[in-house]
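Heads up: the structure comes next, in structure tokens.
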Amino acid sequence: MTPPEASQADRQVAAGAPPAVSFRMSVLKKRADFLRASRARRQAMPGFVLQARRRADDEPAQGVRVGFTCSKKVGNAVARNRAKRRLRAIARELLPREGRDGWDYVLIGRREVTASRPYATLRADLSRALDKVHR
RNA sequence: GCGGAUGGCCGGAUGGUCGCGGCGCCCGCGUUCCGCGGGGGUCGAGGAAAGUCCGGACUCCACGAAGCAACGGUGCCGGGUAACGCCCGGGCGGGGCAACCCGACGGAAAGCGCCACAGAAAACAGACCGCCCGCGUGCGGCCGUCCCACGGUCCGCAGCGGGUAAGGGUGAAACGGUGGAGUAAGAGACCACCGCGGGCCCGGUAACGGGUCCGGCACGGCAAGCCCCACCGGGAGCAAUGCCGAAUAGGGAUCCCGCGGGCCUUCGCGCCCAGGGCAGCUUCGGCCCAGGGAUCCGGGUUGGCAGCUCGAGCCGCGCGGGCAACCGCGUGGCCAGAUGAAUGACCAUCGCCGUCCUUCGGGGCGGUACAGGAUCCGGCUUACAGGCCGUCCGCGCAC
């Protein structure tokens with residue numbers, strides 16, 4: 001079955017405590033946060049699309065927040081889950097180190113590619129995308 | 001050995017690094033609820049979790065009962081089950097040498113409707129070709145007589161009148177079938193068998209089967225066109241539903257007054273009549289409403305909590321009943337509860353399948369499916385790499 005908001009089909013994943021960084025990573029869950037992120041900067045890569053924004057003054061200033069979106073365009077439930085889990089894995093690995101405190105990030109999965117692209121390449125993609133988006 | 005039929009089962013394994021959701025436990029901090037940090041334990045997708053096609057549980061909504069109507073569904077019989085359109089057994093029909101498989105499988109002598117094309121004719125009989133009988137006007141032949149004319153109880157063709165429906169041919173289907181007897185030719189007009197219908201007897205719980213007697217050939221097909229009959233069914237669904245909290249109201253609750261008309265020796269909301277509403281109509285019973293004021297509560301959306309997972313539960317073994325589906329008893333084991341939604345990411349080794357190479361040790365390359373809970377359960381259907389086990393049938397070979 002599809003999630004209740006399948007037509008939107010965004011996804012979230014929690015992230016673990018980073019080993020050696022001061023700020024913590026938390027999770028985007030509100031639809032409004034996703035909408036705000038989609039209006040900010042975006043960077044398309046072969047395996048995914050990255051959206052990023054610096055939070056406004058009236059929002060929590062501390063920590064990196066991340067959300068994931070895998071719509072039905074990505075495939076059936078199994079394909080969506082796999083894409084989301086791989087995105088979550090690279091985010092957990094890189095964002096504590098390369099993300100910026102006070103920013104929101106959204107990673108959007110792509111059909112076929114997100115699930116099949118070699119892991120090291122996918123990770124390199126995210127590193128480059130973060131670099132471009134911060135510039 | 002080859003080919004086939006059928007039932008059941010599995011559907012990757014191990015290890016490492018990092019990580020996620022639920023629930024207990026321990027430590028530290030803050031210590032009022034409760035919250036924060038750390039550690040460790042335990043559980044954590046499927047045979048279809050899928051399609052959402054049936055059946056239920058559960059929740060809310062709808063005034064009750066009976067009858068009728070409408071709508072929808074099911075449709076041989078018996079059994080199983082909480083229930084089913086599911087399952088098991090049986091019957092009948094069809095296919096196959098067989099194992100076995102398939103079947104909307106009640107009713108067409110209640111009614112309506114339809115039956116394309118072809119064909120003479122498609123439902124109620126009728127008659128295109130043909131067959132037979134009669135007539136002998138026409139044409140031709142033959143004969144009387146060699147020719148014309150004329151004639152002939154002769155022959156053929158055409159024509160006219162009548163009989164017939166066996167044969168031809170069309171079609172998915174042709175007004176029972178085969179044979180006999182009969183006839184001018186023919187026909188259920190007659191006879192036998194088969195088919196059809198009815199009565200009786202026997203077997204079976206039944207569907208149905210067997211036997212016997214009688215009837216008359218009457219009754220084409222389609223009910224998956226309408227319809228008839230029997231049985232079943234109220235609606236919506238966990239985004240149901242309940243609770244809590246926060247910002248702006250059409251709403252709701254309680255109380256008070258009031259609330260259609262008429263009757264009166266009885267002024268009592270006592271009696272009579274009436275309006276509207278209560279998912280179609282009728283009957284019976286019952287309930288509610290009508291205008292104003294006061295007070296209180298509180299809402300479309302969002303968030304949190306509950307519902308939320310142990311239940312007609314699943315699996316193994318044993319005993320008992322049953323042909324079986326299944327049921328009973330005992331015993332052991334197992335059972336996730338997320339909610340922007342966990343059950344993973346990556347690496348290594350191995351397994352399995354295909355293919356190529358091989359010095360027969362092995363090696364290279366490729367593949368490893370379909371698909372992931374969202375209230376729960378019983379079915380059905382559909383998808384699926386590769387593989388395992390059993391039973392049966394036919395053929396061939398050996399004995």
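In the text below, chain A, chain B and the rest are named by the order of the sequence lines, each starting its count at 1.
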Set of residues satisfying side chain to side chain donor-acceptor pair (under 3.5 Å) with respect to A:Gln51, sequence neighbours excluded: none
Watson-Crick or G-U wobble mate for B:G280, both contacts under 3.5 Å: B:C68
Complementary nucleotide for B:C263 - Watson-Crick or wobble, under 3.5 Å: B:G270
Pair assignment for B:G328, Watson-Crick or G-U wobble, requiring both distances under 3.5 Å: B:C319
Length of the line joining A:Arg80:CZ and B:G372:P, which is rounded to integer Å: 8 Å
Anti versus syn assignment for B:G47, with syn defined as within 90° of 0: syn
Chi-angle category of B:G361 [syn within 90° of 0, anti beyond]: syn
Atom pair CD1 (A:Ile108) and CE (A:Met45), whose distance is rounded to the nearest 0.5 Å: 14.0 Å
Listed partners of A:Asn76 passing side chain to side chain donor-acceptor pair (under 3.5 Å), at least two apart: none
Main-chain N/O of A:Ile90 paired with A:Arg123 side-chain donor or acceptor, under 3.5 Å: no
Rounded distance in Å - CD1 (A:Ile90) to P (B:C20): 17 Å
In B:A187, glycosidic geometry as syn within 90° of 0 or anti otherwise: anti
Every protein N/O lying under 3.5 Å from an N/O of nucleotides 16-18 of chain B:
residue: B:C18; atom: O2'; partner: A:Arg92; partner atom: NH1; Å: 2.7

Single hit among A:Leu95, A:Leu126, A:Thr69 for side-chain contact (heavy atoms from CB on, under 4.5 Å) with A:Leu107: A:Leu126
Nucleotide opposite B:U254 in a Watson-Crick or G-U pair, distances under 3.5 Å: B:A294
Syn/anti state for B:G24 [syn: chi within 90° of 0]: syn
B:G242 versus B:C310 - spacing of their P atoms, nearest Å: 25 Å
Between B:A345 (C1') and A:Leu122 (CG): distance, integer Å: 11 Å
Distance in angstrom units between A:Leu87 CG and B:C20 C1', rounded: 16 Å
Separation of atom NZ in A:Lys84 from atom C1' in B:A345, rounded to whole Å: 13 Å
Atom pair OH/CZ of A:Tyr105 and A:Arg65 - distance to nearest 0.5 Å: 12.5 Å
B:G41 to B:C27 separation - C1' atoms, rounded to the nearest Å: 15 Å
Any-strand Watson-Crick or G-U partner of B:A192, both distances under 3.5 Å: B:U178
Assigned partner base of B:G144, Watson-Crick or wobble definition, under 3.5 Å: B:C150
Side chain to side chain donor-acceptor pair (under 3.5 Å) partners of residues 107-117 of chain A, not counting sequence neighbours, each pair once: A:Arg117-A:Asp125
Non-neighbouring partners of A:Ser127 that pass side chain to side chain donor-acceptor pair (under 3.5 Å), sequence neighbours left out: A:Glu98
B:G111: pairing nucleotide in any strand, Watson-Crick or G-U under 3.5 angstrom: B:C226
Rounded distance in Å between the P positions of B:A50 and B:C238: 15 Å
Whole-Å C1' distance, B:G313 and B:C10: 24 Å
Value in whole Å for how far the C1' atom of B:C347 lies from CD of A:Glu93: 12 Å
Distance between P atoms of B:A49 and B:G378 (Å, rounded): 9 Å
Interatomic distance where CZ belongs to A:Arg117 and C1' belongs to B:C346 [whole Å]: 17 Å
Glycosidic conformation of B:G188, taking syn as within 90° of 0 and anti otherwise: syn
Between B:G322 and B:G328 - C1' atom distance, rounded Å: 12 Å
Side-chain N or O of A:Arg123 closer than 4.0 Å to phosphate OP1/OP2 of B:C346: no
Expected output: side-chain A:Arg41 to main-chain A:Val133 donor-acceptor under 3.5 Å: yes
Side-chain donor/acceptor of A:Arg85 to base of B:G372, under 3.5 Å: yes
Pair partner, B:A338 [Watson-Crick or wobble, under 3.5 Å]: none
Integer angstrom distance from the C1' of B:A369 to that of B:G11: 9 Å
Partner set under salt bridge (Lys or Arg N to Asp or Glu O under 4.0 Å) for A:Arg82, not counting sequence neighbours: none
P atoms of B:C227 and B:G113, separation to the nearest Å: 15 Å
Nearest listed nucleotide, side chain of A:Asn81, among B:A371, B:A45, B:C346: B:A45
